[in-house]
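Reviewing the structure listed below.
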Amino acid sequence: MSGRGQVTVADSHAADPVSCEEFAYNLGRVDGILVLRYRSVTRLALGENRQDFLHQLYWSPDGLLSARHGRHTSFIGPDEVFWAHRAVTHEVHAADRQTVYRICLREVPAALDGLRACAAAIDAEAARLIVALTEPGYDERHALDARGRIMAGIGAPPHPVDDRQAGRPGVAVAVAMALAHDPGDTTGLAEWAERLHVSVKTLQRDFTREFGMSYSQWRTKLRLRASLALLETRPVGEVAHRIGYASPSAFIAAFAREYGYTPGRAAAMRHTADVFRAAARP
């Protein structure tokens, strides 16, 4: 079974997609693949759900995803996917003006065998093919090969996964979820600790346990990932302010340290890619 459909929400609520398109290839077979593409102009919430028959991958090429499994929250950048094994309850959130792809499979990618839910790496070729499967006129005869290359392009989680840790409550998760909805929040570690009635040392230790890095390192990475989406439509100075930097120069320096090029170049690269994609369309 192969096909494509679209449902458009005429009067969307804050967490609803503007549109959801479905692209199905060989669904009646174990090697089938279903790709759902969500588009939204406001916050997108794929609320708590559990799929008992299909495994799922979530990916956004243009922003940060917040994914929750049990009490553990992961923050997924454009070079990562969120993996949810079938029968595992989870939820995924995206910021405004994002496209989110939800890939449904009957088989488990080799790198994720035995894992219930986690962030995982995705290579550039797999990402390109996910987008290709949702383009008009895609040749269905190539879908099986594309699916295989997508499966092979999913890499191991960037950090060791321990489901025992994932089920434990942590104050760092509460802070992380708040910051994910507002990366520009300038609240410091001491103030967060006071709000949560824990010591600064406890909160810092919990960040290291949950995310493998300090509070300041995690917040910087969150802000810079959020900036990648904002730079698509907003000038550098506005982006710096929205993600919590006191000055554009401080943002530019942090961005260059993380990615090896400036925010201005990132915006230019995105524009060039859009031009090439538009030119390649029939």
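Residue numbers count from 1 along this sequence. The analysis underlying the following values was restricted to heavy atoms, covering all of them including side chains, and did not include hydrogens, waters or symmetry mates.
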Closest contact, heavy atoms only, Gly237 versus Pro248: CA-CG, 4.0 Å
Under 3.5 Å: donor-acceptor pair, side chain of Ser60, backbone of Thr99: yes
Between Ala176 and Phe207, which heavy-atom pair has the shortest distance, and what is it? N-CZ, 4.5 Å
So which atom in Asp52 and which in Ala87 form the shortest heavy-atom distance, rounded to 0.1 Å? OD1-CA, 3.6 Å
How many angstroms lie between NE2 in His93 and CD in Gln98, if you round to the nearest 0.5 Å? 12.5 Å
Roughly how far apart are Thr89 OG1 and Arg68 CZ, rounded to 0.5 Å? 9.5 Å
For Glu238, is the CD atom crowded, meaning more than 12 foreign heavy atoms sit under 6.0 Å from it? yes
Strictly distance-based, threshold 3.5 Å: is any side-chain N or O of His90 a donor or acceptor partner for the main-chain N or O of Val88? yes
The ring-ring contact (aromatic ring centres under 6.0 Å, His included) partners of His85 (sequence neighbours excluded) come to His55
Any donor-acceptor pair under 3.5 Å linking the side chain of Trp59 with the backbone of Pro78? yes
Leu222 and Phe211: CA distance, side-chain angles, deciding distance, side chain to side chain contact (heavy atoms under 4.5 Å, CB included) verdict: CA-CA 12 Å; Leu222 171 72; Phe211 303 111; over 6 Å; no
For a side chain to side chain contact (heavy atoms under 4.5 Å, CB included) check, start with the C-alpha distance between Leu133 and Phe23, then their side-chain angles and the critical distance, and finish with the verdict. CA-CA 7 Å; Leu133 286 171; Phe23 305 84; 5.6 Å; no
Could you grab the distance from atom CD1 of Ile150 to atom CZ of Arg128, nearest 0.5 Å is fine? 9.5 Å
Report, one line per pair, each donor and acceptor closer than 3.5 Å where one atom sits in a side chain of residues 249-258; sequence neighbours left out.
residue	atom	partner	partner atom	Å
Ser249	OG	Ser247	OG	3.1
Glu258	OE2	Lys221	NZ	3.1

Work out which heavy atom in Val200 is nearest to a heavy atom in Ala190; give both atom names and the distance. CG2-CA, 3.8 Å
Hey, mind stepping through Arg147 and Leu105 against side chain to side chain contact (heavy atoms under 4.5 Å, CB included) and telling me if it holds? CA-CA 9 Å; Arg147 173 197 170 278; Leu105 303 162; 4.3 Å; yes
Tell me every residue that passes side chain to side chain contact (heavy atoms under 4.5 Å, CB included) with Arg106, counting only those two or more places apart in sequence or in another chain. Val30, Leu54
Less than 4.5 Å apart, side chain to side chain, heavy atoms only: is that true for Leu57 and Ile130? no
What closest approach, in Å, do Ala126 and Gly153 show between heavy atoms, and which atom pair accounts for it? CB-CA, 3.9 Å
Any heavy-atom pair between the side chains of Val35 and Tyr101 that's under 4.5 Å? yes
Spatial distance of atom CD1 (Ile76) from atom CZ (Arg225) [nearest 0.5 Å]: 7.5 Å
side-chain hydrogen bond (donor to acceptor under 3.5 Å, both in side chains) partners for Asp145, two or more places apart: Arg149
Distance from Met151 atom CE to Leu129 atom CG, nearest 0.5 Å? 13.5 Å
Looking at every heavy atom in both Leu112 and Gly155, which two are closest together, and how far apart are they? CD2-O, 3.8 Å
Under 4.5 Å between side-chain heavy atoms, hopping through other hydrophobics if needed: is there a path connecting Leu144 to Leu27? no
Under a 3.5 Å distance rule, please check whether Glu191 uses its side chain to pair with a backbone N or O of Gly188 as donor and acceptor. no
Rounded to the nearest 0.5 Å, how far apart are CG of Leu203 and CG of Leu189? 4.5 Å
Check: Leu36 and Glu22 side chains under 4.5 Å, non-hydrogen atoms: yes
Establish, for the pair Arg223 and Tyr245, whether the NZ or CZ atom is under 6.0 angstrom from the six-membered ring centre and no further than 45 degrees off its axis. yes
Could you list the residues that satisfy side-chain hydrogen bond (donor to acceptor under 3.5 Å, both in side chains) with Arg219, not counting sequence neighbours? Tyr215
Given the rule in the side chain to side chain contact (heavy atoms under 4.5 Å, CB included) test, do Val81 and Ile103 qualify, once you have shown the distances and angles that lead to the verdict? CA-CA 10 Å; Val81 294; Ile103 302 97; 5.8 Å; no
Indicate yes or no: at least one non-hydrogen side-chain atom of Tyr138 is less than 4.5 angstrom from one of Val131. no
Arg102: side-chain hydrogen bond (donor to acceptor under 3.5 Å, both in side chains) partners, not counting sequence neighbours: Tyr38, Asn49, Gln56, Tyr58
So does Ala172 get a backbone contact from the side chain of Asp206, meaning a donor-acceptor N/O pair under 3.5 Å? yes
